[in-house]
4 protein chains.
Amino acid sequence: MDKPLRRRLSPEARKREIVEAAERLLQQHGSRVRVEDVVREAGVAKGTFFLYFPSWDDLLETLRDRLTAEFDATYPLPTEVDGPVDWPAVLDWLAGAYIDFASARQGIGQALFHSDFAERRPLGDHAIVRLAAIIRAGQEAGAFGAVDPEPTARLLYAAIDEAPRAVAGGMDRNATVAALQNLLRRTLAP
Amino acid sequence: MDKPLRRRLSPEARKREIVEAAERLLQQHGSRVRVEDVVREAGVAKGTFFLYFPSWDDLLETLRDRLTAEFDATYPLPTEVDGPVDWPAVLDWLAGAYIDFASARQGIGQALFHSDFAERRPLGDHAIVRLAAIIRAGQEAGAFGAVDPEPTARLLYAAIDEAPRAVAGGMDRNATVAALQNLLRRTLAP
Amino acid sequence: MDKPLRRRLSPEARKREIVEAAERLLQQHGSRVRVEDVVREAGVAKGTFFLYFPSWDDLLETLRDRLTAEFDATYPLPTEVDGPVDWPAVLDWLAGAYIDFASARQGIGQALFHSDFAERRPLGDHAIVRLAAIIRAGQEAGAFGAVDPEPTARLLYAAIDEAPRAVAGGMDRNATVAALQNLLRRTLAP
Amino acid sequence: MDKPLRRRLSPEARKREIVEAAERLLQQHGSRVRVEDVVREAGVAKGTFFLYFPSWDDLLETLRDRLTAEFDATYPLPTEVDGPVDWPAVLDWLAGAYIDFASARQGIGQALFHSDFAERRPLGDHAIVRLAAIIRAGQEAGAFGAVDPEPTARLLYAAIDEAPRAVAGGMDRNATVAALQNLLRRTLAP
DNA sequence: AATGAATGAGGTTTCATTCAT
DNA sequence: TATGAATGAAACCTCATTCAT
């Protein structure tokens with residue numbers, strides 16, 4: 001009969017706890033996770049959840065933004081300031097980085113990007129815009145061929161995004177990385 | 001006391017009516033469609049639905065199989081029997097065919113392949129196996145390079161599958177087809 | 001452990017059962033009554049309630065219409081067809097009828113006409129229009145004085161409506177009827 | 001580390017601030033107003049509210065008492081000390097005074113006197129007792145007829161109370177006042 | 001084989017009130 | 001005295017599935 005013990009935290013800390021609890025559960029169980037589960041995992045009352053998120057979808061959106069920002073911060077794109085960039089090498093590195101980042105977050109990807117939620121709250125263009133920027137930069141540097149950046153970025157992103165799911169599904173990690181790198185390099189080769 | 005005069009149909013015909021009603025609705029409204037909607041569209045009672053499908057997911061699975069079979073029947077792969085096959089041209093043709101087929105079925109793709117259902121009932125390998133077979137055949141004919149067929153097929157399929165969604169999202173159809181063809185040809189080039 | 005036994009009724013019968021269950025409870029407990037209570041009293045599942053009423057307020061509205069119609073049917077206004085009408089006597093009779101009708105339905109009146117619901121779903125003019133019609137008819141017959149029918153009808157209705165609450169609150173029934181009859185007759189006297 | 005610099009007020013002043021904030025909001029929004037809204041308007045923390053009022057209903061009760069007292073103070077009844085009182089004229093004056101007082105406080109009337117709160121915390125007899133006293137005084141002065149003071153006061157009060165709502169609902173103010181004055185004078189006429 | 005009324009678990013959301021700080 | 005984060009019971013509502021007819 002241990003009392004739950006009401007813990008008072010700063011709003012930011014409490015919000016972070018809820019987000020992290022959700023992240024943990026989503027990782028394991030994908031979109032089967034419900035508010036009920038998250039509050040149990042976070043050790044808070046149901047009302048507390050809605051104190052920080054107007055609705056369930058708002059939590060997912062927060063999580064999605066957080067994830068995007070985390071990837072961008074962990075893997076910042078190289079800039080020309082420190083000398084010329086080896087764009088094909090950037091592609092190789094990006095392929096491996098994405099696969100490892102997303103493989104460690106299995107269910108989240110499903111719940112945030114391949115679920116009914118993704119349909120209800122369409123994703124922004126962030127990732128695709130970023131990829132298109134790389135393509136353009138590479139083209140200007142003469143490292144890439146004359147492909148149409150927008151549609152190509154979108155298709156390449158789909159392939160990149162599929163890779164960690166292939167690995168999760170049992171495909172060999174290194175073979176998948178190699179196949180993805182081959183696909184990226186060749187598609188963009190001059 | 002006029003009895004409702006129930007239409008007596010063969011089980012196959014009745015089942016097909018339900019499937020087609022679902023197909024029509026899913027096309028327009030994606031995974032928002034409910035059992036209620038389907039039976040209204042099909043003009044049958046709710047109980048009848050469950051006479052033919054143990055559960056909602058079973059209908060979706062039936063629909064998925066049907067769609068796959070329909071595509072395979074509409075776009076049969078060429079065989080060597082009538083002389084050598086121009087594999088790169090097959091790729092080009094496949095890209096256009098897939099985009100047009102799936103563009104005409106927008107919401108269904110979402111509901112069957114990019115929803116919580118897809119997570120609950122994972123898709124078989126059919127499409128990827130088929131693509132891998134093409135790659136292998138092309139390699140044997142000396143038309144494709146030495147890529148690893150399985151992971152490559154999976155990544156290419158992801159790109160192919162994204163293309164109609166790009167078009168639905170406003171991307172130019174021809175630019176998308178061109179980008180996809182470029183991606184396929186170059187990835188598999190010798 | 002007696003099974004609840006699923007009873008199949010015609011929609012009208014089932015709807016009526018729910019309405020009557022609500023009526024019974026509202027009578028005793030006023031606006032404290034909730035969906036939960038009504039379904040228990042009616043012996044149906046919660047979902048059944050929402051099968052017949054999109055929302056709680058819709059049940060209350062149905063009940064309100066039903067009550068109004070019931071009163072009108074039970075106490076139809078006299079018409080001139082069978083000879084001249086004694087309008088002042090109609091007033092006396094109406095006063096008594098209303099008090100007895102509403103006294104037998106205490107809590108309902110509160111829940112439907114003097115609660116937050118009444119604020120959310122404002123009442124139509126039905127009762128007041130009916131009273132104004134009586135006033136006008138009496139005036140034309142020379143039985144009533146030259147009061148302004150609309151505002152007078154509204155004020156008189158407020159007094160009429162208060163009477164059963166006075167009785168419910170302990171006031172003597174006959175003294176209240178007498179006071180109300182006096183108020184009506186004198187206000188409208190020529 | 002600047003402390004929030006809490007405004008120290010005397011308990012009475014702080015309580016009055018809360019009451020007045022509630023009054024302002026209730027006036028505009030009726031019983032839709034919540035504790036949350038009141039504390040924001042008053043510029044105090046939520047806990048502070050419950051420091052001064054054990055419950056929400058206690059605030060409403062305080063407000064109700066305050067309103068009653070305010071009306072009594074603003075419109076004190078005439079006494080015989082300065083000579084005989086013209087009781088019928090008092091009625092006329094009272095009708096106009098009440099309508100104007102309550103018209104300026106629309107939502108409050110609803111929230112305090114015609115809501116679920118009014119059911120939970122029944123109103124005292126104050127207003128009715130006051131009106132009955134007028135009737136009796138007028139009767140003693142020979143200005144009013146031999147009606148039964150208690151039930152009549154209650155019914156008249158209902159009519160008086162309805163008048164400002166009629167005006168709020170679009171009825172002409174002067175026509176309403178006239179109708180009410182007619183009702184009062186005639187009902188009580190000798 | 002067919003119906004459609006009925007179910008009830010499951011979900012989101014609200015808000016007066018409490019209590020650690 | 002004051003704060004405001006936290007609570008949790010209770011409300012409304014949905015919808016795949018069941019089952020009496």
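Reminder, nothing fancy here: chain letters follow the sequence lines and each chain counts from 1. The shown structure was predicted, so the numbers you read here are calculated from the model rather than taken from an experiment.
Using a 4.0 Å heavy-atom distance criterion, Leu51(A) is classed as a base contact. Contacts of Pro54(A) with the nucleic acid, taken as non-hydrogen atoms under 4.0 Å apart, involve only primed sugar atoms and P, OP1 or OP2. Residue Ser55(C) is in sugar-phosphate contact alone, with no base atom involved, counting any heavy-atom pair closer than 4.0 Å across all strands shown. Looking at heavy-atom distances under 4.0 Å, Phe53(A) makes no contact with the nucleic acid at all. Here Val44(A) lies in heavy-atom contact (under 4.0 Å) with sugar-phosphate atoms only.
Side chains of Ser115(D) and Gln110(D): a donor-acceptor N/O pair is absent below 3.5 angstrom, by distance only.
Here the closest heavy-atom approach between residue Ala21(C) and residue Glu41(C) is recorded as CB-CG, 3.5 Å.
Within the structure, every side-chain polar atom (N or O) of Tyr52(C) is placed at least 4.0 Å from both OP1 and OP2 of dA5(E). The phosphate of dG4(E) (OP1 or OP2) has no side-chain N or O of Arg8(C) nearer than 4.0 angstrom. When the side-chain nitrogen and oxygen atoms of Arg14(A) are compared with OP1 and OP2 of dA6(F), one or more of them lie within a distance under 4.0 Å.
Put simply, CZ on Arg34(D) is 14 Å from C1' on dT17(E), counting in whole angstrom units. Rounded to whole angstrom, the span from the CZ atom of Phe49(A) across to the P atom of dT14(E) amounts to 12 Å. Rounded to whole Å, atom C1' of dG4(E) lies 14 Å from atom CZ of Arg40(B). The distance from atom CD of Glu36(C) to atom P of dA10(F) is 10 Å, rounded to the nearest whole Å. Atom CZ of Phe50(B) and atom P of dT7(E) are 17 Å apart (whole Å). The nearest whole Å value for the distance from the CG atom in Leu59(D) to the P atom in dT17(E) is 11 Å. Taking atom CZ on Arg32(A) and atom P on dG10(E), their separation rounds to 15 Å, with Å as the unit. Between Glu17(C) atom CD and dA6(E) atom C1' the separation is 13 Å, expressed in whole Å.
Screening Gln27(D), Glu70(D), Glu23(D) for a side-chain hydrogen bond (donor to acceptor under 3.5 Å, both in side chains) involving Arg105(D) leaves a single residue, Glu70(D).
Between Glu17(C) and Arg14(C) there is a salt bridge, with a side-chain nitrogen of the basic residue lying less than 4.0 Å from a carboxylate oxygen of the acidic one.
Checking Pro11(C) against Trp56(A), the closest nucleotide of DNA chain E that is more toward the 5' end is the one next to Pro11(C). Mapped onto DNA chain F by nearest heavy atom, Gly47(B) and Thr48(A) fall at different nucleotides, with Thr48(A) at the one closer to the 5' end. Annotation: of the two residues near DNA chain F, Val33(B) and Lys46(D), the 5′-most nearest-nucleotide partner is Lys46(D).
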(request) Walk me through it: do Thr62(A) and Asp65(A) pass the test side chain to side chain donor-acceptor pair (under 3.5 Å)? (result) CA-CA 5 Å; Thr62(A) 298; Asp65(A) 292 348; 5.9 Å; no
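Pair assignment for dA20(E): dT3(F), on the basis of Watson-Crick or G-U wobble contacts that are both within less than 3.5 Å. With a cut-off of 3.5 Å on both Watson-Crick or G-U wobble distances, the partner of dC12(F) is given as dG11(E). Across every strand in view, dA1(E) sits unpaired, with no contact that passes the Watson-Crick or G-U test at under 3.5 angstrom.
The backbone N or O of Val44(D) sits nowhere less than 3.5 Å from a side-chain atom of Thr48(D) that would complete a donor-acceptor pair.
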